[in-house]
J.: 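A single structure is presented below for examination.
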Protein chains: 2
Amino acid sequence: MNFQQLRYVRETVRRGLNLTEAANALCTSQPGVSKQIRELENELGFEIFVRHGKRIASLTEPGKAVLGIIERVLQEMENLKRAASDFRDQDAGPLTIATTHTQARYSLPRVVSEFKRRYPKVHLTMQQGRPPQLAEMVLAGTADIAIATEALDHYPGLLALPGFSWKHCVVVPPTHPLNKFAPLTLDALARHPIVTYDPGFAGRSNIDAAFAERGLAVDVVLAAIDADVIKTYVELGLGVGIIPAMAYDPRRDPHLRALDCSHLFRTNTTRVAVKRGSLLRGYTYAFIEIFAPALTRKQVDLALADESEQFQL
Amino acid sequence: MNFQQLRYVRETVRRGLNLTEAANALCTSQPGVSKQIRELENELGFEIFVRHGKRIASLTEPGKAVLGIIERVLQEMENLKRAASDFRDQDAGPLTIATTHTQARYSLPRVVSEFKRRYPKVHLTMQQGRPPQLAEMVLAGTADIAIATEALDHYPGLLALPGFSWKHCVVVPPTHPLNKFAPLTLDALARHPIVTYDPGFAGRSNIDAAFAERGLAVDVVLAAIDADVIKTYVELGLGVGIIPAMAYDPRRDPHLRALDCSHLFRTNTTRVAVKRGSLLRGYTYAFIEIFAPALTRKQVDLALADESEQFQL
DNA sequence: GACGCTTACGTTCGTCGTAACTATT
DNA sequence: AATAGTTACGACGAACGTAAGCGTC
């Protein structure tokens, strides 16, 4: 029994029980993977995979149980290597942030530049995706932390901590009739075509909820995954935009007016998520703290320690 | 980086930083251990051990940190093997109980015989020792569970669950003056020489506490580690015995009389301890449940899950 | 017939044990 | 002088990649 065998099993499962793909992902030969897995099964005394002839069809019951333990072993190995890197050079190494366009574009620039100033030797990578993808990246170890407003708190394998709160704002062209309509109401909004985020992005859930509670049907004529696209189409007169307030800047967006709608939609909370049981490098804590000063290393460790208790903002 | 290297490091630490002993314990050559550890250090990029010339003196700071992770990795490996055994044959395998003489002699016989009847294929081993030794055995993985009245709940690495409660009783020869002295008082007891357990055994702490609270000095003329020795010397007239009530049997002990002292000493709780983070075989749960029917598999798992909460009797 | 897992085989690399060496106490 | 750790070396075995074989879909 060795680490290779465990890694092979994990990768095979991750690649949809396809040995060939697993072998490619691990940069090794496919027969090698096959043989090592058979040897592990042999040593354990039962088969991990259900085979139909020569095809791998599914996991056996013992296989499922054993897989969980295997993932924990490999997680700890990962932690060991990370701890070692941390001791070798506290301030150098890789850091991968998985986030949405909105965060990358509007909330993270100041964080990243401050972080880069403090940790110039860290190799920072940003990955974009939908919130569930971001969560999967962190779970798979492809990314160290995920930052998004939606979905992150639905994964038991993740610890999602509240980073900051924000409100939506409504954006319209300067000549739009809603400009004279203050204070804004949901009913007034619902009378216009809406341009906003795709479901599953940046507080879209709170928008839908607000209209649904009032029994209003909304005409979303365009759903985008980033505020820049939304603003562009609002400028073209396609409809009324609903975007995070932080995405409106009067200087950069001279062709738009922002209308206060803080009373219409619930406050959104952007969260930062890390994988439970994974060791964080010193500079990863630092990044989180720059992002949300309340999330000190101590706070994060505390939240990681008691799994049951949820951190309250 | 491989398992061997990690095992070598752990064993070296356990054996007091002595490579030779570690090599013996692991049934391998000492140069092999030396080389593997050096290679691990090389791969990690720092030294785990502080060396004075060629002697290993202590652990480096990174070494201490890394050791914790190493122990977790190996623990999970251990769990993997155990899970595999469990799947291969649910009802066969080893089970090592670390306990004190008193438990082995008076509370466990019925448990063991019932367990043996239900799981004839399990190879049961009993280890005796002082409570702290029992705790260490479980922590080191030498024993699966520890059963004792003292000390087990002082180890953060262990989960100590209350098994059953019991009271002391006083034993005297049939002609002893205390036979006519009812109800018994601490002051009356303190006027006689006492024969009882060694400190650190079977509720001795509660005995000492009771006398200390009343400001009484006790003359313990003989301190033994088992009730049989105590009873023998009480029969010889050496003094008054204080033993667990369960250790007195009127048929087996015709030369002794038992006196009620349940009002004098606090109730004792015998605990069963398992290592946190270790996987228990199915029959291990069964043993615990036979020992204390309230400790079902569900209860034990629950207690293992939330580390913070202490199980209340 | 294409894809995917297994078997076979030769090379390479890593691991282990013995023996000799060196440093510490 | 004895104990403890490192270096050196040779033998064995494990792991890998290539190539061929065989079952499914």
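Just so you know, these numbers use all the heavy atoms, side chains as well, and skip hydrogens, waters and symmetry mates. Residue numbers begin at 1 in each chain, while the letters A, B, ... track the order of the sequences. None of these values were measured; they are calculated from a predicted model.
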J.: Output one line per pair: protein atom, nucleotide atom from nucleotides 22-24 of chain C, and distance, for all N/O pairs under 3.5 Å.
T.:
{"residue": "dT24(C)", "atom": "O2", "partner": "R55(B)", "partner atom": "NH2", "Å": "2.9"}

J.: Base, sugar-phosphate, or nothing for Y8(A), non-hydrogen atoms under 4.0 angstrom?
T.: sugar-phosphate

J.: Compare side-chain N and O positions of N2(B) against OP1 and OP2 of dG14(C) and report whether any pair is under 4.0 Å apart.
T.: no

J.: Can a cation-pi geometry be assigned to R297(A) and Y285(A), taking NZ or CZ under 6.0 Å from the six-membered ring centre and within 45° of the ring axis?
T.: yes

J.: Starting at atom CD of E41(A), determine the distance to atom C1' of dC5(C), rounded to an integer number of angstrom.
T.: 12 Å

J.: Can you list everything that forms a side-chain contact (heavy atoms from CB on, under 4.5 Å) with E289(B)? Sequence neighbours excluded, please.
T.: T296(B)

J.: Could you state the CD-C1' distance from E47(A) to dC5(C), rounded to the nearest angstrom?
T.: 13 Å

J.: Show every ring-ring contact (aromatic ring centres under 6.0 Å, His included) that has at least one partner inside residues 132-156 of chain A, sequence neighbours left out.
T.: none

J.: State, to the nearest 10°, the angle formed by the axis through the first five base pairs of the helix from dG1(C)-dC25(D) to dT25(C)-dA1(D) and the axis through its last five.
T.: 30°

J.: Check DNA chain D against residues 20-37 of chain B and give the residues with a non-hydrogen atom under 4.0 Å, in numerical order.
T.: T20(B), Q30(B), P31(B), S34(B)

J.: Which donor-acceptor pairs under 3.5 Å do the side chains of residues 121-135 of chain B make with protein atoms, sequence neighbours left out?
T.:
{"residue": "K121(B)", "atom": "NZ", "partner": "D89(B)", "partner atom": "OD2", "Å": "3.1"}
{"residue": "R130(B)", "atom": "NH2", "partner": "D198(B)", "partner atom": "OD2", "Å": "2.6"}
{"residue": "Q133(B)", "atom": "OE1", "partner": "R130(B)", "partner atom": "N", "Å": "2.8"}

J.: Using 4.0 Å as the upper bound for N to carboxylate O, is an ion pair formed by R105(B) and D226(B)?
T.: no

J.: Only counting residues at least two apart or in another chain, list the ones meeting ring pair (Phe, Tyr, Trp, His ring centres under 6.0 Å) with Y119(A).
T.: F115(A)

J.: Could you name each residue pair satisfying ring-ring contact (aromatic ring centres under 6.0 Å, His included) that touches residues 25-71 of chain B, not counting sequence neighbours?
T.: F87(A)-F46(B)

J.: Please table the atom pairs, donor to acceptor, closer than 3.5 Å between any side-chain atom in residues 58-75 of chain B and protein atoms at least two apart or in another chain.
T.:
{"residue": "T60(B)", "atom": "OG1", "partner": "E47(B)", "partner atom": "O", "Å": "2.7"}
{"residue": "T60(B)", "atom": "OG1", "partner": "I48(B)", "partner atom": "O", "Å": "3.1"}
{"residue": "T60(B)", "atom": "OG1", "partner": "G63(B)", "partner atom": "N", "Å": "2.9"}
{"residue": "E61(B)", "atom": "OE2", "partner": "K64(B)", "partner atom": "NZ", "Å": "3.0"}
{"residue": "R72(B)", "atom": "NE", "partner": "E76(A)", "partner atom": "OE1", "Å": "3.2"}
{"residue": "R72(B)", "atom": "NE", "partner": "E76(A)", "partner atom": "OE2", "Å": "3.0"}
{"residue": "Q75(B)", "atom": "OE1", "partner": "K275(B)", "partner atom": "NZ", "Å": "2.9"}
{"residue": "Q75(B)", "atom": "NE2", "partner": "N79(B)", "partner atom": "OD1", "Å": "3.2"}

J.: Under 3.5 Å, side-chain donor or acceptor atoms of residues 11-21 of chain A against the rest of the protein: list the pairs with distances, not counting sequence neighbours.
T.:
{"residue": "E11(A)", "atom": "OE2", "partner": "R15(A)", "partner atom": "NE", "Å": "2.9"}
{"residue": "E11(A)", "atom": "OE2", "partner": "R15(A)", "partner atom": "NH2", "Å": "3.3"}
{"residue": "T12(A)", "atom": "OG1", "partner": "Y8(A)", "partner atom": "O", "Å": "2.7"}
{"residue": "R14(A)", "atom": "NH1", "partner": "A140(A)", "partner atom": "O", "Å": "3.3"}
{"residue": "N18(A)", "atom": "OD1", "partner": "T20(A)", "partner atom": "N", "Å": "2.9"}
{"residue": "N18(A)", "atom": "OD1", "partner": "E21(A)", "partner atom": "N", "Å": "3.0"}

J.: For residues D86(B) and Y283(B), is any side-chain donor paired with an opposing acceptor at under 3.5 Å?
T.: no

J.: Name the first nucleotide and the last nucleotide along DNA chain D (5' to 3') that come under 4.0 Å of a heavy atom in chain A.
T.: dA15(D) to dT24(D)

J.: Do Q5(B) and Q36(B) have side-chain N/O donor and acceptor atoms under 3.5 Å apart?
T.: yes

J.: Could you check how far CD of Q5(B) sits from P of dC16(C), rounded to whole Å?
T.: 9 Å

J.: Run the side-chain contact (heavy atoms from CB on, under 4.5 Å) check on K81(A) and M1(B) step by step: do they pass?
T.: CA-CA 10 Å; K81(A) 284 181 197 153; M1(B) 177 144 34; 3.7 Å; yes

J.: Rounding to a whole Å, what distance do you find between M1(B):CE and dG14(C):C1'?
T.: 16 Å

J.: For residues 137-148 of chain A, which residue pairs pass the salt bridge (charged side-chain N to carboxylate O under 4.0 Å, His left out) check, not counting sequence neighbours?
T.: R82(A)-D144(A)

